[in-house]
Amino acid sequence: MDLIDILIEWFPYLISGIFATLGLVASALVIGVLVGLPMALGQVYGKFPVRAVVGIYVWFFRGLPVLVLLFLFYFGIFPGLGLDLPAFFVGATVLGLRGAAYQSQIFRGAIQSISEGQMIAARSLGMTRLQGIRNVILPQAVRIALPGWSNEYPNILTDSAICYAIGVAELLTRTSQIVSQTYVTMPIYLVCAGIFILLNYAGLRVLHEIEKKIEVPGFGTGAA
Amino acid sequence: METIQFISTILMPALLEGLVITIELVLITAPIGFLLGILLAVERVYGSRPVVLLCKIVVGFIKGTPLLLMLFILYFGLPSIGIVLSGFSASVVGFVMCNGAYSSEYIRGAMGSVKEGQMIAAQALGMTRMQAVRLIILPQALRRAIPGLSNEFIYLIKYSSLAYMLTVIELTGAGKLVATKYFTYTETFIVVGMLYLVLVTITTIAVMLLERKLAVPGMTTAGRSALDIL
Amino acid sequence: MADEEYILRVENIHKSFGELEVLRGVTFDVKKGETICFIGPSGTGKSTLLRCINQLNKPDDGHVWLHGEEVTNSGNRINYFRQRIGMVFQNFFLFDHLTALKNVEIALIKVRGMDPKEAREKALYELRQVGMEKWAEHYPAELSGGQAQRVSIARALAMDPDVILFDEPTSALDPELTREVLEVMKLLAEQGMTMLVVTHEMGFACSVATRIMFMEHGIIQEQGSPDQMMSDQTFERCKNFIGKVTGYGTD
């Protein structure tokens, strides 16, 4: 069995694939928060047009398959705008915009679960609405949302493999390249699956550690 | 107006053929996945220790592995050990595994929320454990699992697009072929996306109606909005 | 001259929620150092009146003046007035993600722009005033109702308000916990804090209030000092009400 030899020989390939995959996931999570959190605020505190726009955005990005979104942006929208963007960038953007649609709903639920009295108390101390959101609502919403948000990580991780379809050199792409070069299929695929499962487990551990770090009595974060 | 003509005469006919394949994939997968989900869930709750462990490993493996990788394993990997599947069959097998694994989690969770007294009362009436599971526990658990299961069904519609990566010309694949041939990516994938949105939205409405119909006083989930389901 | 004497003037406040007319023209003036207790059956607009004073509920009609400056229709300046008008709520409304200490200092830092070190000292001082210094690092979920309410009083005190509004501060508390909160409030009254208190605690009202206002059907029906209330004929309706709820004055 020369699997070990193959793995050693192609080790740099796998490592670069792992980094690309983690890069996709990290950018998707970051974009998800940066776009999803304001959307959630808009959906809760915004006027009707804002709520409608956010609602349509969420409907669109959650209703379309990842693969279709990737094709649409990589072959259609970005080139149509005259942008020749690297596949990695497109993959990260699509996963991020789609993640924002899902995450916005997690944040929205968290914000809506905060009792009205918190804002009333903030206003009674002379805070503006914006100060109340920033100092009182958001810190609580983030804590409430974190467990649900962490659960987005495995989804984004497994979805990131679909970026194979537009040629992002992530883990599945690298794996396929090794397979086509070595004609060893099953063992290599299983190694790839093992790496994904490991990344899944490790990432969740990190997120749960963060949950514990910012835990506050009275906010059950459910961190095991 | 060229675009409209392109869409109506070239794109739509091709897409509708693909759409039929997508619907076939979904309709074949869903019932088998559902049954697999029940089986995995029941075994994980009532099975012997090794069975529980085995189910746990299987579910963990399926959930942790990207679906696309699973499809590659089934389509490109299995022939190396003498099992050759067509793209369509490999897709169905992959979707069933994925759908079953995730569904089992919802069903298991719902079974856990059925009160302990239900099992005791059933056994007190002389039912065997299996009868009690079949007649008392599952009917309650499945009702509670409906929101999760319907989410999985909608995921299935969307993820069936991955069959294209195994050369199955379903909706996304049909779109890709037309788009490449006529170099009309944006229009094509917008239309493809709209068709998925139609499928998903119809399903969502159907799910909301189903939830209302199957609701039992006292164990009803509060009505969900469409955005919660999508 | 008269304007300077009264720190808070409330004039002809009206407020409806949909069809329901909750306040039907409430007028009164508050002198510095007064403790005014509002009593009366539930649903007669006492809490709404307090919220109309600091504009948490916008009155449909009428005016509120603080030190001769109009609080109603003050636009963005309302946030300035709310710093000058403290409020304590029935359900405390402590910020659940912050320790007792941080609950007290947050508005000092974020609203007043106070230096964090200075704010901390001030917050600790206020917690000491209400006997909660030892609990400074605890979160709201770790406090009893009485403790939480004392922290929320400290939070209001920290802003150095001209007047504090108490909206049924003990209604959510058990009798023993009620006592510790009322003692803090009594101390404040003795130190000369101006307070408007909506309460059902007749004992507190009679012993601490400088004036008692009996509200019913959205207006102030009767008012006077506790002594007047005990003796005066004009307090018929009020005594009737008190007799019903507590048995007080039935002998």
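When reading the values below, keep in mind they use all heavy atoms of this one structure, side chains included, and skip hydrogens, waters and symmetry mates. Each chain gets a letter, A, B and so on, in the order the sequences are listed, and its residues count up from 1.
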**OP:** Establish, yes or no, whether a centroid distance under 6.0 Å links the rings of A:Phe78 and A:Tyr74.
**Re:** no
**OP:** Using non-hydrogen atoms and a 4.5 Å limit, figure out which bit of C:Asn91 sits close to chain A: side chain, backbone, both or neither.
**Re:** neither
Original post:
Which heavy-atom pair separates C:Gln90 from C:Ser171 by the least distance, and what is that distance?
Top reply: NE2-CB, 3.5 Å
Original post:
Can you tell which of C:Glu142, C:Met159, C:Met87 has the highest number of heavy-atom pairs within less than 4.5 Å of chain A?
Top reply: C:Glu142
Original post:
Under a 4.5 Å heavy-atom cutoff, which of A:Met127, A:Arg134, A:Gln131, A:Arg123 has the most pairs with chain C?
Top reply: A:Arg123
Subject >> Centroid-centroid distance, C:His67 to C:Trp65, less than 6.0 Å >> reply: no
**OP:** Select one option (side chain, backbone, both, neither) describing which atoms of A:Gln118 are under 4.5 Å from chain C's heavy atoms.
**Re:** both
**OP:** Could you tell me the separation between the CZ atom of A:Arg108 and the CD atom of A:Gln43, rounded to the nearest 0.5 Å?
**Re:** 5.0 Å
Original post:
For C:Tyr139, is it the side chain, the backbone, both, or neither that has a heavy atom closer than 4.5 Å to a heavy atom of chain A?
Top reply: side chain
Original post:
If you count heavy-atom pairs under 4.5 Å with chain A, which of C:Gln55, C:Lys110, C:Arg51 comes out on top?
Top reply: C:Lys110
**OP:** Keeping the roles fixed (side chain from C:Thr44, backbone from C:Gly40), state whether a donor-acceptor pair exists under 3.5 Å.
**Re:** no
Original post:
Quick one: what part of C:Phe89 sits under 4.5 Å from any heavy atom of chain A, side chain, backbone, both or neither?
Top reply: side chain
